[in-house]
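Data block below; observations after.
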Amino acid sequence: MAEQTQAVKVKKQLSSNAKKVIILCSMVALLVLTGVLNFALNSDWFSKTDDGGQVTGGDVVETFFNTYRTSRETARAEEMSYLEAIIASETSTEEAKATAETMRQDLLNNIEAELVIESLIKAKGFDDAVVTMSTNNVNVIINKSELEAQEVAQILNVILEETDYTASEVVVVPYTA
């Protein structure tokens, strides 16, 4: 009788180990699939081309603006996570929690203002723009190789109306690929 129960335990253990092996193999396969998809989506496989089969300049600009936004969002998410960890930590002092909460709120306000300003700039007729706000200044990158004085004035007007920054704290840069 003891031999039978031991044989059943061995079978259960083998099936448990087999399940673990199957799960591990599935995870490795998904990891490889993710790598292949990442390579395919970030390479020229799916790039739009002009008549000569070359990647168009519009794709480079679009990639710059998308990459910039993605990097900005990633950095902001890390910063937000760090601040939330300080706020949630039981070992943080009340002063540290209050400072982190203030910084978190400032970050949220900046994110919202950046999105609004980017939308308003696009509404003025510009193809694309990215805005980054800090405590000292506002940086604006416009999807245009050259900017005329009136265009800079339009962008500056949007920023001055939407924020408390002064004209000397605003940097407007045209993007040239």
Side-chain angles (χ1 to χ4, degrees), residues 34 37-50 52 54-177:
T34 302
L37 285 175
N38 186 30
F39 175 78
L41 294 175
N42 288 322
S43 70
D44 292 339
W45 285 3
F46 297 112
S47 295
K48 298 175 188 173
T49 60
D50 60 13
Q54 299 296 317
V55 176
T56 60
D59 290 340
V60 172
V61 172
E62 186 176 311
T63 300
F64 168 79
F65 283 90
N66 290 338
T67 302
Y68 191 96
R69 283 190 183 94
T70 301
S71 297
R72 180 180 66 186
E73 290 171 12
T74 302
R76 294 276 170 84
E78 289 174 5
E79 187 175 355
M80 190 68 71
S81 175
Y82 176 71
L83 293 171
E84 288 175 356
I86 291 171
I87 294 167
S89 174
E90 293 186 20
T91 60
S92 296
T93 65
E94 290 303 316
E95 182 181 340
K97 287 182 182 183
T99 302
E101 185 62 41
T102 301
M103 291 174 68
R104 183 178 162 271
Q105 191 59 47
D106 289 344
L107 183 60
L108 290 172
N109 292 340
N110 283 351
I111 290 169
E112 183 179 343
E114 289 169 355
L115 292 174
V116 168
I117 293 169
E118 286 174 4
S119 297
L120 290 172
I121 290 172
K122 289 178 191 176
K124 296 281 185 186
F126 295 96
D127 289 338
D128 205 352
V130 289
V131 177
T132 305
M133 298 173 67
S134 68
T135 55
N136 300 329
N137 64 348
V138 178
N139 295 309
V140 183
I141 302 171
I142 302 295
N143 183 8
K144 197 165 184 183
S145 59
E146 291 183 23
L147 293 171
E148 295 177 17
Q150 73 178 30
E151 294 171 323
V152 174
Q154 284 180 323
I155 296 164
L156 184 60
N157 189 39
V158 167
I159 294 169
L160 296 178
E161 287 178 4
E162 293 296 319
T163 68
D164 295 330
Y165 291 93
T166 63
S168 64
E169 297 171 321
V170 177
V171 178
V172 179
V173 180
Y175 176 75
T176 55

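Side chains are part of it too, since the values below use all heavy atoms of this structure and drop only hydrogens, waters and symmetry mates.
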Side chain to side chain contact (heavy atoms under 4.5 Å, CB included) between E78 and T74, intermediate numbers included: CA-CA 6 Å; E78 289 174 5; T74 302; 3.8 Å; yes
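- E161 and N157 share a donor-acceptor pair across their side chains, judged by distance under 3.5 Å alone.
- Side-chain contact between N137 and V171: present, with at least one pair of heavy atoms (C-beta onward) separated by less than 4.5 Å.
- Residues S145 and T176 share a closest heavy-atom pair of O-CG2, 3.3 Å.
- Checking T63 against N66 by side-chain atom types alone, no donor-acceptor pair falls below 3.5 Å.
- Salt bridge status for E101 with R104: present, with a side-chain N to carboxylate O gap under 4.0 Å.
- Residue T132 holds its OG1 atom at 5.5 Å from CD of E114, rounded to the nearest 0.5 Å.
- In terms of heavy atoms, V130 sits closest to E118 at CA-OE2, 3.4 Å.
- I155 pairs in a side-chain contact (heavy atoms from CB on, under 4.5 Å) with only one of the listed residues (V131, V138, I142), which is I142.
- Under a 3.5 Å cut-off, the side chain of S92 and the backbone N or O of I86 do form a donor-acceptor pair.
- Interatomic distance, OH of Y165 versus CG of N136, reported as 8.0 Å (0.5 Å rounding).
- For the atom pair CD of E79 and CG of L107, the computed distance is 5.0 Å after rounding to the nearest 0.5 Å.
- I141 CD1 to I121 CD1: the interatomic distance, rounded to the nearest 0.5 Å, is 11.0 Å.
- The closest side-chain heavy-atom distance from E73 to I111 is not below 4.5 Å.
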Stepwise side chain to side chain contact (heavy atoms under 4.5 Å, CB included) check, D127 with K144: CA-CA 8 Å; D127 289 338; K144 197 165 184 183; over 6 Å; no
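- A distance of 9.5 Å separates CZ of R69 from CZ of F64, quoted to the nearest 0.5 Å.
- In this structure, Y175 and F65 have perpendicular ring planes: the angle between them is above 60°, well past the 30° mark.
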Going through the checks in order, is the side chain to side chain contact (heavy atoms under 4.5 Å, CB included) test met by I117 and T163? CA-CA 9 Å; I117 293 169; T163 68; 3.7 Å; yes
Please step through side chain to side chain contact (heavy atoms under 4.5 Å, CB included) for the pair Q105 and N109, ending with a clear verdict. CA-CA 6 Å; Q105 191 59 47; N109 292 340; 3.2 Å; yes
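- Panel note: side chain S81, backbone A77; no donor-acceptor pair is recorded below 3.5 Å.
- In this structure, D106 CG and M133 CE are separated by 10.0 Å, a value rounded to the nearest 0.5 Å.
- Distance alone, capped at 3.5 Å, is enough to place a donor-acceptor pair between the K97 side chain and the S89 backbone.
- Other residues, nucleotides and ligands place no more than 12 heavy atoms under 6.0 Å from the CE atom of M103.
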